[in-house]
Amino acid sequence: MVRLLLTRAAATALLAAGCTCEHAAPLEPAEPIEPAPAPVATALSVTWPDAVIALATRPPATRVVVRPDGLEVDNGALVRTWPHAAIERARADPDPSHPEWPRVRARLEPGDASGLVAALAATRHAERAASGAGTGANVCDLRVAAEVSFEAFEAVLVSSGRAGYGSPRVLFGEDDALVAFEWPRAPPASAPSEADVRAALEAMRRGEPPGLADPAASEVRVRITDAGARVLVRGDPRCGEVAPATLTACLRELPSDHVTIEVSPNLDFGDVAPWVQHASTTGRAVSVRSAL
C-alpha cells in the first residue's frame, strides 16, 4: 500500500488551485490509532514456539508479549478494528494514565504482576467503554517466548484472570502467520448431587456400600519434568515412555474425561506447549498446572 503524504506547502498549493477535496464522512476517527512501532531490539535473543496441531488465525485482541526480559501490553491491533462510534464512546470515558487512550501500551519488568494487572484492567476498561454495554471482548492473546519458564507463564495467566479476562489465546508460529490456541482452563470440581448423597446414606443405613463414585477412580495425570514425561492413572504408570506426538493415542485408551498436566515450574514454556496442544485433541477436558 502506498501512502501519500502532503506537506503543509503542498496542501496550500492545492487549495490555491481550487481543490475543495470534498469526500464522505470518514469511518475512522480524525486521530487514527497508529500501528505499533517495531519492537525495540534487545541483546537477548528469543525464539517462539510453533503450532504442532492444526490451528487457525483469530481476530485481533489485546496482546501480552512475554519474554524472559520483560512484558509488553498493547491493544492497538484491537482498537484499529473498532468503528468510529466505538472509539468515540471509549474516548468519552478516558483513563488519564494512558495518553493515547483508548490505545493502551505498557512495557513492564519481568514478574511485575501488579503492573500487568493494572495494564490489562485498563484495556478491559477501554473494551467496556467502547462497547457501550459494559462487556467488551473478554479475550487477550499471549505471545510467549519459548525460553520463558512455565512458572512465569502461569503467573501471567493468573494476572490476566485478575484483570477480568477469560481463558486466553496463546499465539504460535511466526509473526507474519500467527495462529491461536485456546489455552485450557481447569474445569470446576464436580460434587455428588443431593440425591446421590441421600441415596448413599440410605444404603449405609441398610449396611450396603454407599455407591458414591470415587472422583479419583479415573484420574489421569501427565507429569512433565526435566527427566521426561509419565502418564499416571491413580498413581500407576501407563503407556510406558511417551512423547508429545504419542500422547494422544495413549490418553484415548484411558478411562477418563479429564486429564491434568502437571509441569515442573522451571521448564521452558517451549518444552511444555507441544504436550498441551496434543492433549487438547483427545476430546477430554484438560487442565494444566505447575507441580514440584
Side-chain angles (χ1 to χ4, degrees), residues 35-36 39 46-67 70-82 102-106 108 113 116-117 119-128 130-131 135-188 244 259 261 263 268-290:
V46 299
T47 57
W48 306 100
D50 291 325
V52 296
I53 62 175
L55 296 171
T57 59
R58 292 291 186 270
T62 290
R63 182 176 297 183
V64 181
V65 178
V66 188
R67 299 165 54 104
L71 307 166
E72 298 175 15
V73 178
D74 193 342
N75 69 346
L78 173 64
V79 174
R80 288 193 294 276
T81 67
W82 293 350
R103 173 77 173 273
V104 174
R105 283 191 283 185
L108 307 169
L116 180 57
V117 171
L120 290 177
T123 61
R124 286 290 291 138
H125 172 193
E127 293 165 14
R128 291 193 296 267
S131 72
T135 54
N138 193 34
V139 63
C140 65
D141 288 340
L142 304 184
R143 181 76 163 126
V144 186
E147 295 81 6
V148 169
S149 71
F150 184 79
E151 182 178 34
F153 166 73
E154 199 171 42
V156 172
L157 290 181
V158 172
S159 294
S160 68
R162 288 176 57 197
Y165 283 102
S167 183
R169 304 180 305 199
V170 177
L171 302 179
F172 292 125
E174 299 300 323
D175 285 334
D176 59 349
L178 291 174
V179 290
F181 175 71
E182 301 284 345
W183 193 260
R185 289 282 195 184
V259 176
I261 299 179
V263 180
D268 287 349
F269 177 76
D271 294 330
V272 177
W275 294 95
V276 181
Q277 291 180 69
H278 280 294
S280 72
T281 66
T282 62
R284 290 157 171 77
V286 177
S287 57
V288 190
R289 65 184 182 89
S290 60

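Values reported hereafter were calculated over all heavy atoms of this structure, with side chains retained and with hydrogens, waters and symmetry mates removed.
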Practice item. Check whether more than 12 heavy atoms from other residues, nucleotides or ligands sit under 6.0 Å from atom CD of E154, and answer yes or no. Key: yes

Practice item. Identify the heavy atoms of P49 and G270 that sit nearest to each other, and give their distance. Key: CG-CA, 4.2 Å

**Study point:** Minimal non-hydrogen separation, L157 against P168, with atom names
**Key:** CD2-CG, 3.4 Å

**Study point:** Rounded distance (nearest 0.5 Å) linking atom CZ of R63 with atom CZ of R169
**Key:** 9.5 Å

**Study point:** Of V259, I261, V276, the residue whose pairing with P184 passes side-chain contact (heavy atoms from CB on, under 4.5 Å)
**Key:** V276

**Study point:** Side chain proximity check, L171 to W48, heavy atoms < 4.5 angstrom
**Key:** no

Exercise for review: Would you check if the side chain of E147 reaches a backbone N or O of R67 as a donor-acceptor pair within less than 3.5 Å?
Suggested key: no

Exercise for review: Compare all side-chain heavy atoms of P244 with those of H278 and state whether any distance is below 4.5 angstrom.
Suggested key: yes

Check your understanding: Do you know which two heavy atoms are closest between A145 and F269, and how far apart they sit?
Key -> O-CB, 4.0 Å

Check your understanding: Would you call the rings of F181 and W183 parallel, tilted or perpendicular, where under 30° means parallel and over 60° means perpendicular?
Key -> perpendicular

Point to revise | Heavy-atom check, side chain of D74 versus side chain of R103, under 4.5 Å | key: yes

**Study point:** Working for side chain to side chain contact (heavy atoms under 4.5 Å, CB included), residues Y165 and T62
**Key:** CA-CA 10 Å; Y165 283 102; T62 290; 3.6 Å; yes

Review point. Which atoms form the tightest heavy-atom contact between V139 and S167, and what is the distance?
Key: CG2-O, 4.2 Å

Practice item. Report yes if the side chains of L55 and Q277 come closer than 4.5 Å at any heavy-atom pair, otherwise no. Key: yes

Check your understanding: Once you round to the nearest 0.5 Å, how far does CG of N75 lie from CH2 of W82?
Key -> 6.0 Å

Study note, to complete from the structure: For P60 and T81, the nearest pair of non-hydrogen atoms, with its separation, is CG-CG2, 3.9 Å

Check your understanding: How long is the span from the OG1 atom in T123 to the CZ atom in R128, to the nearest 0.5 Å?
Key -> 9.0 Å

**Study point:** Approximate separation, where rounding is to 0.5 Å, of L78 CG and E127 CD
**Key:** 5.5 Å

Exercise for review: List the atom of T57, the atom of V179, and the distance in Å for their closest heavy-atom pair.
Suggested key: N-CG1, 4.2 Å

**Study point:** Euclidean distance, N138 CG relative to R124 CZ, rounded to 0.5 Å
**Key:** 4.5 Å

Exercise for review: Find out whether R143 and L178 are in side-chain contact, i.e. whether some heavy atom of one side chain is under 4.5 Å from a heavy atom of the other.
Suggested key: yes

Revision key, fill the gap. CD1 (I53) and OG (S280) are apart, to the nearest 0.5 Å, by 3.5 Å

**Study point:** W275 vs V286 side-chain heavy atoms within contact, under 4.5 Å
**Key:** no

